[in-house]
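Notes follow the structure.
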Amino acid sequence: MNPIFTSNNERKLKGYWYDEFVSHFDSICKEHLSTGRAKKFAFIVYDFHSPTHEVLQNHGVFTELDRLSGKDITVFYLDGQLGRNRNNQTRLFRNMNEILLDLTGEQIRSIPFVVFFDFKDDDVSNLKCYTIREDEKFILHDLIKSVELELKSLQEEAPKKNTTIMSGLLKETPKILYTEFIKTIFKDIFEAK
């Protein structure tokens, strides 16, 4: 579990500040792959004013998801509060939907959800999305189930359909691939400093 902080880190978790994450997304992913910290990546998207937020703030839940994802999946999520009447999670949802619609022709119906992806050859690929029921009784179950399904798919090493972002530019401008992914996901979420 790797929080991306949008406000003060009052819980003293080890994670990334937004600017650091965006500017070093590729090196974070490459480091996690090369050091064996991850084989796959994920984002959890949820509303800060929701039961999902409360569940993810629970230290036991955080520890359980961190233990389960282990060295196979690095899970990122925004950790913070709404600021200046800006609902960052709603924007993140809209931006992620824009990417998924462009790649797959399908949209996510609502938050919360978790989206898994691969990072290979400076490209984000194989996006797979799972919805999370917004009910305290099911949130942890749904998150665990989605991680377990992705862990199972890693073990099976089944051939996957490779859906890449801007794959035509891969040889000419490889850095545009992940930077466009990050720019699209986080556009209009954070105010310029």
Side-chain angles (χ1 to χ4, degrees), residues 1-4 14-16 21 24-46 52 55-56 58 60-78 92-93 95-135 137-171 174 177-178 180-182 184-185:
M1 296 287 288
N2 291 264
I4 304 164
K14 187 174 181 182
Y16 304 99
F21 178 76
H24 298 292
F25 172 75
D26 66 318
S27 59
I28 290 168
C29 291
K30 287 176 184 176
E31 176 192 346
H32 285 214
L33 289 167
S34 69
T35 61
R37 287 181 61 187
K39 297 174 186 163
K40 184 176 273 295
F41 302 90
F43 279 108
I44 300 174
V45 181
Y46 62 95
T52 302
V55 167
L56 288 174
N58 180 300
V61 169
F62 179 92
T63 302
E64 177 65 19
L65 289 170
D66 191 54
R67 182 201 60 75
L68 179 63
S69 58
K71 294 187 179 228
D72 291 312
I73 303 173
T74 293
V75 181
F76 299 110
Y77 68 100
L78 289 180
L92 182 60
F93 165 62
N95 296 344
M96 189 67 79
N97 245 342
E98 185 179 316
I99 290 171
L100 292 173
L101 182 63
D102 185 49
L103 290 176
T104 67
E106 296 180 12
Q107 288 186 314
I108 304 156
R109 292 192 181 117
S110 63
I111 53 177
F113 64 89
V114 57
V115 63
F116 294 86
F117 60 93
D118 294 330
F119 188 83
K120 287 184 182 176
D121 301 322
D122 292 334
D123 195 7
V124 173
S125 61
N126 298 321
L127 282 87
K128 191 169 186 184
C129 186
Y130 298 89
T131 58
I132 307 299
R133 291 173 283 185
E134 188 75 287
D135 183 321
K137 294 179 279 191
F138 300 111
I139 294 166
L140 180 58
H141 172 270
D142 290 351
L143 286 168
I144 288 173
K145 188 71 175 169
S146 66
V147 171
E148 287 176 341
L149 288 169
E150 287 303 305
L151 289 170
K152 184 178 178 185
S153 74
L154 280 172
Q155 290 172 351
E156 293 171 353
E157 295 183 4
K160 299 177 188 176
K161 180 182 174 189
N162 191 5
T163 308
T164 59
I165 297 174
M166 299 176 66
S167 59
L169 296 177
L170 182 59
K171 291 181 175 59
L177 301 169
Y178 62 80
E180 285 303 315
F181 176 73
I182 290 299
T184 303
I185 287 177

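Because the structure is predicted, anything quoted here is derived from the model rather than measured.
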> Which heavy atom in Ala42 sits nearest to a heavy atom in Phe116, and how many Å separate them?
Replying inline: CB-CD2, 3.5 Å
>> If we check ring pair (Phe, Tyr, Trp, His ring centres under 6.0 Å) with Phe43, which of these qualifies: Tyr77, Phe117, Phe113, Tyr130?
In response: Phe117
>> Which heavy atom of Ser69 sits nearest to which heavy atom of Val75, and what is that distance?
In response: CB-CG2, 4.1 Å
>> Please find the pair of heavy atoms, one from Tyr46 and one from Thr52, that lie closest to each other, and give the distance.
In response: CB-CG2, 3.6 Å
> Considering residues at least two apart in sequence or located in another chain, which fulfil the salt bridge (Lys or Arg N to Asp or Glu O under 4.0 Å) criterion with Asp72?
Replying inline: Lys39
>> With side-chain contact (heavy atoms from CB on, under 4.5 Å) as the criterion, how do Lys30 and Asp122 come out once you've worked through the C-alpha distance, each side chain's angles and the decisive distance to 0.1 Å?
In response: CA-CA 9 Å; Lys30 287 176 184 176; Asp122 292 334; 2.7 Å; yes
>> Could you check whether any side-chain heavy atom of Leu56 comes within less than 4.5 Å of a side-chain heavy atom of Leu65, counting everything from C-beta outward?
In response: yes
> Checking Asp121 side chain against Asp123 main chain: does a donor-acceptor pair fall under 3.5 Å?
Replying inline: no
>> Pair Ile44, Met1 - check side-chain contact (heavy atoms from CB on, under 4.5 Å), show working.
In response: CA-CA 10 Å; Ile44 300 174; Met1 296 287 288; 4.2 Å; yes
> What is the distance from atom CG of Asp118 to atom NZ of Lys128, rounded to the nearest 0.5 Å?
Replying inline: 11.0 Å
> Run the side-chain contact (heavy atoms from CB on, under 4.5 Å) check on Ile73 and Leu154 step by step: do they pass?
Replying inline: CA-CA 10 Å; Ile73 303 173; Leu154 280 172; 4.3 Å; yes
>> Could you work out, with side-chain hydrogen bond (donor to acceptor under 3.5 Å, both in side chains) as the rule, every residue matching Glu64, not counting sequence neighbours?
In response: Arg67
> With Thr74, which of Glu31, Arg37, His32 fulfils side chain to side chain donor-acceptor pair (under 3.5 Å)?
Replying inline: His32
>> Determine whether Glu134 and Ile139 satisfy the following criterion, side-chain contact (heavy atoms from CB on, under 4.5 Å), listing intermediate values before the conclusion.
In response: CA-CA 6 Å; Glu134 188 75 287; Ile139 294 166; 3.8 Å; yes
> What residues, two or more places apart in sequence or in another chain, satisfy side chain to side chain contact (heavy atoms under 4.5 Å, CB included) together with Asp142?
Replying inline: Ile132, Arg133, Phe138
>> Using every non-hydrogen atom in the two residues, find where Leu143 and Ser146 come nearest and quote the distance to one decimal.
In response: O-OG, 2.8 Å
